[in-house]
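Computed over heavy atoms, backbone and side chain alike; hydrogens, waters and symmetry mates excluded.
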Amino acid sequence: MGNSWIIFQKLLVLFGFMLLGTLGYKRRWISDEGASQISRLIVNIFNPALIITGITSSEGAYSWTSVLMNILLAVILFASLIVISPLFVRILRVKKNVRNMYSVMLIFSNLGFMGIPLIEALYGRTAVFYVGMYTLIFNILFYTYGFYLFEKEKTSGKVRFQWKKLINPGVFACLVSLMIFSLQLEVPKTAADFLAYLGGAAVPLSMMMTGVSLAKMSLKDVFSEWKMYPFTFLKMLVIPAAAALIIHKFQVDPVLAGIMILMYGMPNGSMPVMLAVDYGMDSSLCSRGIVLTTLLSLITLPAVTCLI
């Protein structure tokens, strides 16, 4: 019950950021052009800084055994979601023209912006490093496979993957993070503080931009996205429950197992919204998905917490 209350409080904070974004757009403090520019800043500056900060700001001693096991679990998580995503969208009978969008929403959950504060609250500051491994793999996939899916969606399936798109701030930040951890480099305090300030802006701004997207649609549109209800049930309850049943059969550290199960149960991430805006695509589907899954996470996440 205590863990459920912690999660509920953290979710209220994130909803507060979304409401600020909605208010800002309604009061014309944020324009459409301004929202697009802020989204580019999040994708290309603030989120890359957060990636690096996730590695440099953690406290505590970590054994290579636990780190490698955590990385393995993170790889299994994303690999399993990628493998089941084609079946997932067909079970939901999603239209072909938005299947890639649903796949993106399934694979790229809110592991960083929501996962970091929740995991820190449940397991302490030392667990942030483990979440950082998930966000690291998340961003490598998002800035590669995620970009590919958006390109495919934008061109109606006719896409030729361009390797030059791998050269972007997100992938660069991932490589820097890996180098810092592998070589055990000590980042100067000034540089660490600089990155921490930039990364700290990613969470509130990303949720505010989601609020901006919400302001552009009616609540009727948000809650009438009927596909999102079975989507949420499968994504945030069935899949985490199945993962819990499987992982508890192995002798995995309880903290690492708990983190993995909670990562499966996180609501839709805001980065797909940022990328949809950056690509000039309709971000309303992703925005509605974030609102509904985040709202329903008030119920599903406490239930998932009982499985860890």
Side-chain angles (χ1 to χ4, degrees), residues 3 47-83 107-146 166 169-189 191-193 195-196 199-200 202-203 239-240 243-244 246-266 269 271 304-305 307-308:
N3 288 342
N47 193 59
L50 183 64
I51 298 171
I52 301 175
T53 302
I55 301 298
T56 61
S57 65
S58 300
E59 300 173 356
Y62 311 92
S63 67
W64 274 102
T65 301
S66 63
V67 170
L68 291 176
M69 175 57 70
N70 185 69
I71 293 175
L72 175 61
L73 293 177
V75 170
I76 291 174
L77 181 145
F78 285 106
S80 63
L81 292 177
I82 291 174
V83 168
I107 298 167
F108 301 105
S109 301
N110 202 341
L111 306 187
F113 300 143
M114 184 175 289
I116 287 176
L118 290 180
I119 296 300
E120 181 180 0
L122 291 177
Y123 294 114
R125 183 65 177 174
T126 56
V128 172
F129 179 80
Y130 294 125
V131 181
M133 293 292 101
Y134 281 87
T135 58
L136 184 63
I137 296 175
F138 172 103
N139 282 282
I140 290 175
L141 285 174
F142 180 78
Y143 283 100
T144 53
Y145 187 65
L166 298 184
V171 171
F172 177 75
C174 293
L175 294 176
V176 170
S177 299
L178 283 173
M179 183 179 67
I180 292 173
F181 173 72
S182 300
L183 301 179
Q184 296 294 297
L185 299 177
E186 183 176 350
V187 179
K189 187 178 185 304
D193 289 344
L195 291 171
V203 175
I239 293 178
I246 294 173
I247 196 172
H248 286 322
K249 292 182 179 181
F250 300 90
Q251 294 183 342
V252 178
D253 181 274
V255 173
L256 298 182
I259 291 174
M260 183 189 193
I261 294 169
L262 286 172
M263 292 295 100
Y264 269 115
M266 290 297 165
M271 286 303 293
V304 171
T305 304
L307 302 175
I308 64 177

Validation row: Leu50, Thr135 side chains within 4.5 angstrom (heavy atoms):
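In short, these two side chains do not touch, never coming nearer than 4.5 Å.
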So do the side chains of Tyr145 and Ile140 get within less than 4.5 Å of each other, counting heavy atoms only?
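SC-SC contact between Tyr145 and Ile140 ruled out.
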Please answer whether the main-chain N or O of [Y] pairs with a side-chain N or O of [X] as donor and acceptor at a distance below 3.5 Å.
| X | Y | value |
| --- | --- | --- |
| His248 | Leu307 | yes |
| Thr144 | Leu141 | yes |
| Asn110 | Met266 | no |

Side chain to side chain donor-acceptor pair (under 3.5 Å) with Lys249: which residues, sequence neighbours excluded?
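With neighbours one apart ignored, the set is empty.
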Shortest non-hydrogen separation from [X] to [Y] and the atoms involved:
| X | Y | value |
| --- | --- | --- |
| Asn70 | Tyr130 | ND2-O, 3.0 Å |
| Phe78 | Ile107 | CE2-O, 3.7 Å |
| Ala49 | Leu195 | CB-O, 3.8 Å |
| Leu262 | Leu122 | CD1-CD1, 3.6 Å |
| Pro48 | Ala173 | O-CB, 3.4 Å |

Evaluate the ring planes of Phe108 and Phe138, with Trp represented by its six-membered ring, and classify them as parallel (under 30°), tilted (30 to 60°) or perpendicular (over 60°).
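Ring orientation of Phe108 relative to Phe138: perpendicular.
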Euclidean distance, Ile247 CD1 relative to Leu256 CG, rounded to 0.5 Å
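Taking CG in Leu256 and CD1 in Ile247, the distance rounds to 8.0 Å.
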Pairing donors with acceptors under 3.5 angstrom, does anything connect the side chains of Ser109 and Tyr264?
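No pair is found: no donor N or O on one side chain lies under 3.5 Å from an acceptor on the other.
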